[in-house]
Novice: 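The structure's right below; bear with me while I get my questions together.
Note: hydrogens, waters and symmetry copies are ignored here, and every other heavy atom, side chains too, is used.
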Amino acid sequence: MGACLALCSVASCASCLCGSAPCLLCGCCPSSNNSTITRLVFSFFLLLGTLVSVIMILPGMEAELQKIPGLCQGGSSIPGLENHVKCEVIVGYKSVYRMCFAMTCFFFLFCAIMIGVRSSKDPRAGIQNGFWFFKFLILIGITVGAFFIPDGTFHTVWFYFGVVGSFIFIIIQLILLIDFAHSWNKAWVENAENSGNKCWFAGLLSFTVLYYALAFTAVVLFYVYYTQPDDCTEHKVFISLNLIFCIIVSIVSILPKIQEAQPHSGLLQASLISLYTMYVTWSAMTNNPNRKCNPSLLSLVSRANTTQLPGDSKPEGVQWWDAQGIVGLIIFLFCTLYASIRSSSNAQVNKLMQTEEGGGSGGEGVVGEDGIRRAVDNEEEGVTYNYSVFHFHLCLASLYIMMTLTNWYQPDTNTKTMQSNMPAVWVKVSSSWLGLGLYLWTLVAPLLFPDRDFS
C-alpha cells in the first residue's frame, strides 16, 4: 500500500515537472500567480548554477579531487587504470567560466525563443511556463558541452563578455534597488497615514539614518585604507566624486518641486542608493592591481597581508574570496528574488524593466479536473512581464556571477594565473555614475516633461 502511494506521488511530481509552473509549485504557493511562479523557477535554475560554481571554486577543491584514486591526471592512481580527468579544468576559475557560459547560453536561448510573446495563449508561453524537466536536461547538456571547450582564447574572450554584461547588470541592480526603496517608502507612508500610527514614520527615519551613517562610515574608511598621501590618485577622485554625487541626489530628492511632482520620493531612496554607490566604489577599488592602494580586508583585520604581490608568480597567491565578493553575492541574491516576485507601481521602473503595474498576489488557487491545485493564470489577456527581457536579465546575471566569483580577475595568456586589472575598476565606477544619473533622471523627468505620465 505504501509503495503504491509512493508511486502515485512520484507520478504526480513527474507530471508537474513535465507540465506547467502552476502545478510545479502548487503545494507551496497555491494562491500565487502563474507569472510569479515561473520567474521563481527560472531564478532557482540560476541560483542552482551559482551554487555549483561556488562549490567548484572553493579553496582546496582541486587538491581534494587529486586524492581520489583513478580520477585526476597527475593525482593518485589505481594500478591498471589510467587517469583521464583534467581536474584543473573542472575546478577553479575555468570551471566557473564554463558553468556561467552554459547558464548564459541557456537563458539567451529562451530570450530568443520568447521574443514577441503577448499572452499565455501563445504556444510559446507553454514552453515558458512548463516542461521544467526537459529544461533542466537542456541546461545539464549545455553545461557538459561547455566543459569540452578547448582553453585557447576562450577565457580571455569570455572575460570581456563578462565585463560588458556585468556593467549592464550592476545598473539593473540599481534600478531594482530604486524600485524596492520606492515601494517600501510608499507602503510605509500609506500605512502611517491610514492607521495614524507614527511608528511607521519613525521606522523610515531610522533606516534612512542608518543607511546614511553606513555610507558616511564607508567614505571615511575608504580614505583611511584605500588612499595614500603620495599615491592612489584614482581612488581619491572616485571617492570624492561619488560622495559629491550622492549629496547632490539627496538634496534634489527633497526639493519642493520634486516633492510636488513625486510625493513618494525622499531620503530613504537616496540613502539606499548612496549606500549601494559606496559598495560599488569599494568593489571597484578592490580590483586595483596596485596593492599599495588595495589592501586585503583580511590584512586590515588581522594585520597580516594575505594578498599576492603582482611580481610574485605563485598561482596560489590568487585570492578567490573576499568581503566585497560575498557582499556582491548577497545583493545579487536579493535582487534576483525581488525581480521574480516584484509587483511595482512605479511607472518609470516598470517601463525600464518591461513589466506591467502589479496588482499584488493572485487569487484563490484553481483546482483542476485531476484534483491538483494550480496557481492562477494571470496572463490570458496579456503577459505581466516581457519574457525575453526577463531571460536577458538572467543572462546578464550569469555573467555578473562569473565576474564576482573570480574577483573580476583577468586570465593571462597561458590561463594559469589571474590578474587584477584597471578596466574592471573603470567599468564598476562608470556603472555607479550611470546608475546615479538614472536615479537623478527619475527625479527630474516629471518636471522636464510635465505632459507625460510618470506616476
Side-chain angles (χ1 to χ4, degrees), residues 43-66 72 85-108 139-170 173 283 286-287 307-308 315-333 335-336 394-421 423-424 427-428:
S43 298
F44 173 76
F45 279 6
L46 176 65
L47 297 180
L48 183 62
T50 302
L51 178 61
V52 173
S53 299
V54 170
I55 294 175
M56 288 175 170
I57 206 172
L58 286 176
M61 182 60 67
E62 181 178 353
E64 294 299 321
L65 290 179
Q66 292 280 358
C72 299
V85 180
K86 295 182 179 180
C87 288
E88 71 273 9
V89 175
I90 64 174
V91 295
Y93 85 90
K94 292 183 179 181
S95 63
V96 174
Y97 270 47
R98 284 166 166 76
M99 186 69 217
C100 293
F101 172 81
M103 291 194 296
T104 303
C105 292
F106 175 77
F107 291 120
F108 185 79
L139 179 58
I140 292 178
I142 298 175
T143 303
V144 173
F147 279 86
F148 287 93
I149 298 175
D151 283 344
T153 59
F154 168 74
H155 303 100
T156 302
V157 173
W158 197 238
F159 166 81
Y160 289 105
F161 274 92
V163 168
V164 175
S166 299
F167 172 81
I168 302 174
F169 186 77
I170 290 174
Q173 281 193 145
S283 179
T286 58
N287 284 113
T307 58
Q308 188 75 20
E316 60 269 22
V318 174
Q319 181 182 342
W320 294 107
W321 291 94
D322 59 6
Q324 68 88 12
I326 296 174
V327 173
L329 284 178
I330 294 174
I331 296 176
F332 156 78
L333 293 174
C335 290
T336 300
L394 295 183
C395 181
L396 297 175
S398 302
L399 294 172
Y400 176 78
I401 281 297
M402 180 184 76
M403 302 306 294
T404 300
L405 291 180
T406 57
N407 275 344
W408 290 69
Y409 287 144
Q410 182 177 9
D412 68 0
T413 53
N414 60 17
T415 66
K416 291 181 183 292
T417 62
M418 305 288 281
Q419 301 171 346
S420 298
N421 58 92
V427 165
K428 292 183 179 182

Novice: Once rounded to the nearest 0.5 Å, what's the spacing between atom CZ of Phe159 and atom NE2 of His155?
Specialist: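 Answer for the CZ-NE2 pair, Phe159 versus His155, is 13.0 Å.
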Novice: Measuring from atom OG1 of Thr143 to atom CZ of Arg98, what distance do you get when rounded to the nearest 0.5 angstrom?
Specialist: 12.5 Å
Novice: For the residue pair Met403 and Ser166, what are the closest heavy atoms and their distance?
Specialist: CG-OG, 3.1 Å
Novice: Out of curiosity, Phe101 CZ to Trp158 CH2, how far, rounded to the nearest 0.5 Å?
Specialist: 5.5 Å
Novice: Less than 4.5 Å apart, side chain to side chain, heavy atoms only: is that true for Leu46 and Phe107?
Specialist: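 The answer is yes, as the side chains (C-beta and beyond) meet within the 4.5 Å cut-off.
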Novice: Closest heavy-atom contact between Met103 and Ser398?
Specialist: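 Reported closest heavy-atom pair: CB-OG, 3.5 Å.
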Novice: Once rounded to the nearest 0.5 Å, what's the spacing between atom OG1 of Thr104 and atom OH of Tyr97?
Specialist: 12.0 Å
Novice: Rounded to the nearest 0.5 Å, how far does CG of Leu399 lie from CZ of Phe108?
Specialist: 11.0 Å
Novice: Between Phe45 and Leu394, does the side-chain contact (heavy atoms from CB on, under 4.5 Å) criterion hold? Intermediate values first, please.
Specialist: CA-CA 10 Å; Phe45 279 6; Leu394 295 183; over 6 Å; no
Novice: Would you give the length of the straight line joining atom OG of Ser283 to atom NZ of Lys428, rounded to the nearest 0.5 angstrom?
Specialist: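 Going from OG on Ser283 over to NZ on Lys428, the span is 2.5 Å.
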Novice: Under a 4.5 Å cut-off applied to non-hydrogen side-chain atoms, are Val157 and Phe161 in contact?
Specialist: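 Yes, side chains in contact.
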Novice: What residue pairs, at least two apart or across chains, pass side-chain hydrogen bond (donor to acceptor under 3.5 Å, both in side chains) with a residue in residues 45-54?
Specialist: none
